Amino acid sequence: MTAVALVFAGLAALLHTYIWVMESLTWTSARTRATFGTSPAEAEATKELAFNQGFYNLFLAVITVGGIAAFGAEDDRVGATLVLCGTGSMVAAGLVLLVSSPDKARAAITQLAFPAVAVVLLALAL
């Protein structure tokens, strides 16, 4: 079960890395604006905020990947700690988005689905 949890954690890390790309690198592009439903003016006005927020997503992905690597190095305690911190924070952020902006439920569920599965499976495996 741990291996399956780590696959979901890896998928969560990949997704959050992609979110980092959109928020920090391509925020004002037409494709990213369509994804987030922002106008060119809104995207330009929120560019610095999105850049910063994107790095939060990247750091959660890095923490999670570090945990996966620790499992690979047979340090299960450190691995579990890092994976649960990274994916648990992803789940919490998705829940905050869901509660604060119900109109963004699809994005919130997308953001939290992989990490939630990882958290549940890893908790059951421990």
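No experiment lies behind these values; they were computed from the predicted model shown.
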Is there a path of hydrophobic side-chain contacts, each under 4.5 Å between heavy atoms of I/L/V/M/F/W/Y residues, joining V65 to L14?
no
Just list the side-chain donor-acceptor pairs under 3.5 Å for residues 73-91, sequence neighbours left out, or say none.
residue, atom, partner, partner atom, Å
D75, OD1, V78, N, 3.4
T81, OG1, R77, O, 2.8
T87, OG1, V83, O, 2.6
S89, OG, C85, O, 2.8

I'd like to know if the side chain of R33 reaches the main chain of T28, judged simply by a donor and an acceptor atom lying under 3.5 Å from each other, with no hydrogens or angles considered.
yes
L6 and L124: same hydrophobic cluster, using ILVMFWY side-chain contacts below 4.5 Å?
no
Where the side chain of T46 meets the backbone of E42, is there a donor-acceptor pair that is under 3.5 Å apart?
yes
State plainly whether one hydrophobic cluster holds both V62 and W20, where clusters connect Ile, Leu, Val, Met, Phe, Trp and Tyr through side-chain heavy atoms under 4.5 angstrom apart.
yes
Could you grab the distance from atom CD1 of I63 to atom CD1 of I68, nearest 0.5 Å is fine?
12.5 Å
Show every donor-acceptor pair shorter than 3.5 Å between a side-chain atom in residues 93-119 and any protein atom, with sequence neighbours excluded, or say none if there are none.
residue, atom, partner, partner atom, Å
S100, OG, V96, O, 2.7
T110, OG1, R106, O, 2.8

Between F55 and L49, is there shared hydrophobic-cluster membership here, with clusters defined by ILVMFWY side-chain heavy atoms closer than 4.5 Å?
no
For S29 and T32, does a side-chain donor sit closer than 3.5 Å to a side-chain acceptor?
yes
Please check this pair: side chain of T38 against backbone of A34, looking for a donor-acceptor N/O pair closer than 3.5 Å.
no
Over all atoms of both residues, closest heavy-atom pair of A50 and S24
O-OG, 4.0 Å
Mind checking whether H16 and F59 have side chains closer than 4.5 Å, heavy atoms only?
no
If you take all heavy atoms of V4 and L121, which pair is closest and at what distance?
CG1-CD1, 3.6 Å
Quick one: does W27's side chain have a donor or acceptor within less than 3.5 Å of a partner on A43's backbone?
yes
Flag yes if Y18 and L25 sit in one hydrophobic cluster, no otherwise; membership is Ile, Leu, Val, Met, Phe, Trp, Tyr, and two members link when side-chain heavy atoms are under 4.5 Å apart.
no
Which pair of non-hydrogen atoms, one from A13 and one from A61, has the smallest distance, and what is that distance?
O-CB, 3.4 Å
Any non-hydrogen side-chain atom of E23 less than 4.5 Å from a side-chain atom of Y56?
no
